[in-house]
Amino acid sequence: MGFFDKALKKVQDVGENIAASANNVKTVVETSVQDTMEITGLKRQIRELEKEMDAQYLQIGKKYAEFVADMDDAEPETAENEAAEAETTEATESSEVIDEVKAEAAAEAIDEVKAEAADETVDEAKEEAANETIDEVKAEDTAETIDEEKEVSEEPVFDVSDFLTIIKQDQAKKKELENQLAEVEKRAKQNTLLREKTKAEESFEQEKGVLDKALAMEIISKEEYEQKLNIARKKVENFEEIKKIEQQFEMGIITKEEKDEKINAILNA
């Protein structure tokens, strides 16, 4: 095979390698776009759930403010009820005093009449007084019972169970979405590393193509070819290790001189 035939063959091989690398890059880029869209969608759903929960918390706060206001409004009514009860007690005590006075007057009148008539009158008076007292006690007990029932039924109630149920459901959904997001971000990070490695492989193929062409054209010697190709190959084989060294430099852990020294040690080993 002549010189130009060899050079043409090398160029064709380089073209095929570059085309294959381009296809790999296209696949990785498409995956990266898909990951980005999925991450964006998950983050949007999480933000919407957070807004929904904030709205529920706001409703709880509003409900509590209304509850406190109702409690404040109910306090004067309680004071009025207590005053009314005090007045009823005073009236009852006054009634008892009057009854005692009446009983004394009746006793004096009885002494002035005949014994038999007096006894009958006394018995009737006692029976009537007892009946009246029983009726008054029943009426007072009934009134107190009704007042107590009204007071209990009108007492404000702070119930936010509906809001808490919605918040609990939203929290569960948010946790699930956050787990999905963590998985996608992990996958996206791996795909980013793969994409960068694919670019490194593409760069190697291009560099190898140039070296192959230079060797075929006898521009460089076989020894120079092997030396340069070996360095280019090590860049791909030790890609992850070199990437970590570069990240150490980006984070300020090592200096540029230390970075170059570590990378050169790997490539020239």
Side-chain angles (χ1 to χ4, degrees), residues 1-44 46 175-269:
M1 182 180 294
F3 168 77
F4 289 106
D5 291 335
K6 289 181 180 181
L8 179 60
K9 180 67 170 59
K10 292 295 181 182
V11 172
Q12 290 174 343
D13 292 341
V14 171
E16 292 175 357
N17 290 334
I18 292 175
S21 298
N23 289 331
N24 291 336
V25 171
K26 180 181 179 182
T27 301
V28 174
V29 169
E30 290 175 351
T31 303
S32 176
V33 172
Q34 181 180 353
D35 290 339
T36 301
M37 292 177 62
E38 192 170 352
I39 290 173
T40 301
L42 289 170
K43 287 184 177 180
R44 183 177 63 252
I46 291 173
K175 184 64 177 178
E176 182 180 351
L177 290 173
E178 287 175 340
N179 291 337
Q180 293 180 17
L181 178 62
E183 291 295 326
V184 176
E185 287 180 334
K186 180 180 179 181
R187 186 183 69 205
K189 184 177 180 180
Q190 293 173 342
N191 287 336
T192 298
L193 186 64
L194 177 61
R195 182 171 65 254
E196 292 177 353
K197 188 174 182 179
T198 301
K199 289 182 178 179
E201 292 173 348
E202 179 185 20
S203 177
F204 168 76
E205 292 297 335
Q206 291 176 344
E207 189 171 352
K208 182 177 181 300
V210 172
L211 292 173
D212 288 344
K213 182 178 180 182
L215 179 63
M217 297 176 66
E218 297 181 354
I219 295 176
I220 59 174
S221 65
K222 184 69 174 177
E223 182 179 355
E224 291 175 318
Y225 172 85
E226 293 293 344
Q227 181 182 5
K228 293 183 179 297
L229 186 62
N230 184 52
I231 293 175
R233 184 182 293 108
K234 285 184 177 181
K235 288 181 181 179
V236 177
E237 293 174 349
N238 300 277
F239 170 78
E240 294 183 10
E241 187 175 354
I242 293 174
K243 184 67 179 178
K244 289 179 181 179
I245 295 173
E246 292 175 343
Q247 289 175 340
Q248 290 175 5
F249 169 69
E250 292 171 358
M251 296 176 65
I253 298 175
I254 60 176
T255 63
K256 184 179 184 301
E257 290 74 16
E258 290 175 323
K259 181 196 74 170
D260 294 340
E261 183 180 350
K262 286 186 174 184
I263 293 175
N264 289 331
I266 292 173
L267 299 179
N268 295 314

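The figures here come from the full heavy-atom set of this structure, side chains too, leaving out hydrogens, waters and symmetry mates. Start at 1 with the first residue, then count along the sequence.
In this structure, Thr198 contributes its side chain and Leu194 its backbone to a donor-acceptor pair below 3.5 Å. Judged purely by atom type and a 3.5 angstrom limit, Asn230 has no side-chain atom pairing as donor or acceptor with the backbone of Glu226.
With respect to Lys259, the side chain to side chain contact (heavy atoms under 4.5 Å, CB included) criterion is satisfied by exactly one of Asn264, Ile242, Ile254: Ile254.
Atoms CD and CG, on Gln206 and Leu211 in that order, are 12.0 Å from each other to the nearest 0.5 Å. How far OG of Ser203 is from NZ of Lys208: 13.5 Å, rounded to the nearest 0.5 Å. Of the inter-residue distances, the one linking Ile220 atom CD1 with Lys213 atom NZ reads 12.5 Å to the nearest 0.5 angstrom. The CE atom of Met217 lies 11.5 Å from the CG atom of Leu215; values are rounded to the nearest 0.5 Å. Residue Lys186 holds its NZ atom at 12.5 Å from CG of Asn191, rounded to the nearest 0.5 Å. To the nearest 0.5 angstrom, Glu261 atom CD is 10.5 Å from Ile245 atom CD1.
Under the side chain to side chain donor-acceptor pair (under 3.5 Å) criterion, the residue pairs touching residues 237-250 are Glu196-Lys243, Gln248-Lys262, with sequence neighbours excluded.
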Ignoring hydrogens and angles, write down the donor-acceptor pairs under 3.5 Å from the side chains of residues 175-185, residues two or more places apart or on other chains.
unit_1 : atom_1 : unit_2 : atom_2 : d
Asn179 : ND2    : Lys175 : O      : 3.3

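For Glu258, the CD atom is densely surrounded, since the number of other residues' heavy atoms within 6.0 Å is greater than 12. Other residues, nucleotides and ligands contribute at most 12 non-hydrogen atoms within 6.0 Å of the NZ atom of Lys197. Residue Lys234 places its NZ atom among more than 12 non-hydrogen atoms of other residues, nucleotides or ligands, all under 6.0 Å distant.
Listed by chain and residue number, Asp35, Glu38 satisfy the side-chain hydrogen bond (donor to acceptor under 3.5 Å, both in side chains) test with Arg187 (two or more places apart in sequence, or in another chain).
Phe204 is not listed as a side-chain neighbour of Lys235, based on a closest heavy-atom distance of 4.5 Å or more. Taking 4.5 Å as the limit, some side-chain heavy atom of Leu267 sits within range of a side-chain heavy atom of Ile263.
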